Amino acid sequence: MKRSRVVIVGGGLLGAGVANALAARSVPVTLLEATTPGSGASASTFAWANAQKKKPDAYFRLNTDGLAAYHRLAEHAAGRRWFHGVGNVEIATDAASSAALDAVVADLAARGYRAERITARQAAELDPVIDPGRALDAAWFPAEGWVDTERMIADLLDQAGAAGAEIRAHCPVARFEPSGARTKVVLANGEEVLADQVVCAAGAATQRLLAASSITVPLIEEEDRRTRAPGDERYLAVGGLADTAALRVPLRRILHTPDMGLRPTATGRAVLGGDGAGSRVPRSDQGVFGLGPMLIDRARKVFPAFADVPVERVRVGVRPLPADGLTVAGFTERLPGLYVLVTHSGVTLAPHLAELVAGELVDDREAPELAAFRPARFG
Ligand SMILES: Cc1cc2nc3c(=O)[nH]c(=O)nc-3n(C[C@H](O)[C@H](O)[C@H](O)COP(=O)(O)OP(=O)(O)OC[C@H]3O[C@@H](n4cnc5c(N)ncnc54)[C@H](O)[C@@H]3O)c2cc1C
């Protein structure tokens, strides 16, 4: 087992997870965060741990393993502070959305994922906020859950710090340079930090940060929403969420309608957004102001209990979104000590990736689960 110094760039869920996994293995770790930990995408996320719509198979398996990692964590009190395995109910409101759920459930169930079709009445038993009069039928994904990312990042960094990791906020990194067998991390203020290994977990800033060191890892950038061809339905990098005021009766489950998602929070509010069109920020900046009313209107159409629930705030986040939609995890060819870790679905994947990456760094053991996700695929 190596004891070399590792510098981690980025204090989101991925950077915090790797810092904690390395510190737990007694590796000397320094984490450099440009602003404050947990202020990037991990703070503006729907935070739904799931493996739906994940293709190809290697990526589906990575995500199902990610979900399984949360269930293992939740066997302990600390993990239960982060992962709320309440399950997800998806509601069909018409024949087309019901047929879509048939297809999703058949596909996932055939691959061993827990998914079943249920009646509107069964859905209402799972969460009384569901009005069986407004649902045609539903699907139930009992293994899914949501993650309290703020608490998780704080806990991971506390644990890492207690195990000896150094956590430095307000330390933006400008570039990486070779330095003999080591890698030099150059901060924006000119300070240089030498490391045996560096993990770049800078989220949506990854492409620009690596470009400064002539390394190519293409992401779908925030600007793409302005230039996107009509009909291109891939995720936009920018996504929006609305937080409601506290509900009289808190949500019990994650819920999806055909055009939005809702999930509970630790404070009895609901986060509106989700995987459907509702999470996509309109393409103009002005459109962002309409996001709260748009999402709450959609919720009210299906859930009468939201009739008098106000939106308290709207959040806009930028997804770290590799150009091919898949995780990037591995050492770069140009700087062999520099490991890149960037992914969408980073909430689902964080604990699993943290363990795999720590294993690759410390034990010099390539994780077969990551073979399909190396940065070399971008040339
Ligand atoms: C609207 C929205 C909804 C989402 N929904 C889901 C979901 O339901 N399920 C799911 O699994 N995933 C979801 N995601 C994706 C998920 O949130 C991200 O994949 C995950 O949070 C990424 O974590 P991260 O640590 O890589 O990035 P971040 O949380 O962005 O952290 C990166 C950190 O790096 C720092 N940094 C950047 N540049 C530098 C630099 N030069 N020097 C030092 N530090 C730097 C940043 O300040 C930031 O703190 C969603 C994302 C969005 C935006």
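Counting convention: from 1, in listed order, for ligands and their atoms alike. Remember, it's a predicted structure, so these values are computed and weren't measured experimentally.
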Query raised in the report: So which heavy atom on Lys55 is nearest to which on Asp107, and how close?
Result: NZ-OD2, 4.1 Å

Query raised in the report: Within the structure, does Arg319 bring an N/O atom to less than 3.5 angstrom of an N/O atom in ligand 1?
Result: no

Requested in this report: Please test Asp57 against Arg111 for salt bridge (charged side-chain N to carboxylate O under 4.0 Å, His left out), starting from the C-alpha separation and ending with a verdict.
Outcome: CA-CA 10 Å; Asp57 255 9; Arg111 293 196 275 166; 3.3 Å; yes

Requested in this report: Ignoring hydrogens and angles, tell me if any N or O in the side chain of Ser213 forms a donor-acceptor pair with the backbone of Phe176 under 3.5 Å.
Outcome: yes

Query raised in the report: Quick one: does Val342 get a heavy atom under 4.0 Å from ligand 1?
Result: no

Report task. Record the part of Ala16 in heavy-atom contact with ligand 1 below 4.0 Å; permitted values are side chain, backbone, both and neither. Result -> neither

Query raised in the report: Under the ring pair (Phe, Tyr, Trp, His ring centres under 6.0 Å) rule, what pairs show up with a residue in residues 118-160, not counting sequence neighbours?
Result: His84-Trp146

Requested in this report: Pick, from Gly10, Gly317, Gly203, the option with the minimum heavy-atom distance to atom 27 (O) of ligand 1.
Outcome: Gly203

Query raised in the report: Considering only heavy atoms, does Pro37 approach ligand 1 within less than 4.0 Å through its side chain, its backbone, both, or neither?
Result: neither

Query raised in the report: Which one holds for Ala202 and ligand 1: side chain close, backbone close, both close, or neither close, with close meaning a heavy atom under 4.0 Å?
Result: both

Query raised in the report: Taking both backbone and side-chain atoms of Leu241, is any N or O found less than 3.5 Å from an N or O belonging to ligand 1?
Result: no

Query raised in the report: Taking atom 52 (C) of ligand 1 as the point of reference, which of Ser44, Gly239, Ala174 owns the nearest heavy atom?
Result: Ser44

Query raised in the report: So which bit of Ala201 gets within less than 4.0 Å of ligand 1, heavy atoms only: side chain, backbone, both or neither?
Result: backbone

Requested in this report: Mark yes when over 12 heavy atoms from residues, nucleotides or ligands other than Arg121 sit less than 6.0 Å from its CZ; otherwise mark no.
Outcome: no

**Report entry** Region of Ala205 that comes within reach of ligand 1 [heavy atoms, distance under 4.0 Å]
**Finding:** side chain

Query raised in the report: Short N/O distance, under 3.5 Å, between Ala204 and ligand 1?
Result: no

Query - Gly273 heavy atom under 4.0 Å from ligand 1 - result: no

Query raised in the report: Do any nitrogen or oxygen atoms of Pro172 lie less than 3.5 angstrom from nitrogen or oxygen atoms of ligand 1?
Result: no

Query - Shortest heavy-atom approach to atom 18 (C) of ligand 1 - which of Ser42, Ala51, Gly261, Gly346 - result: Gly346

Query raised in the report: Is it the side chain, the backbone, both or neither of Asn50 that has a heavy atom closer than 4.0 Å to ligand 1?
Result: neither

Query raised in the report: Going by distance only, is there an N or O of Pro320 that falls short of 3.5 Å from an N or O of ligand 1?
Result: no

Query raised in the report: Short N/O distance, under 3.5 Å, between Thr36 and ligand 1?
Result: no

Requested in this report: Ignoring hydrogens and angles, tell me if any N or O in the side chain of Arg182 forms a donor-acceptor pair with the backbone of Gln197 under 3.5 Å.
Outcome: no

Query raised in the report: Stepwise, does the salt bridge (charged side-chain N to carboxylate O under 4.0 Å, His left out) test hold for Arg81 with Asp148?
Result: CA-CA 7 Å; Arg81 282 164 55 85; Asp148 188 334; over 6 Å; no

Report task. Look at the aromatic rings of Tyr113 and Phe60 and report parallel, tilted or perpendicular, splitting at 30° and 60°. Result -> tilted

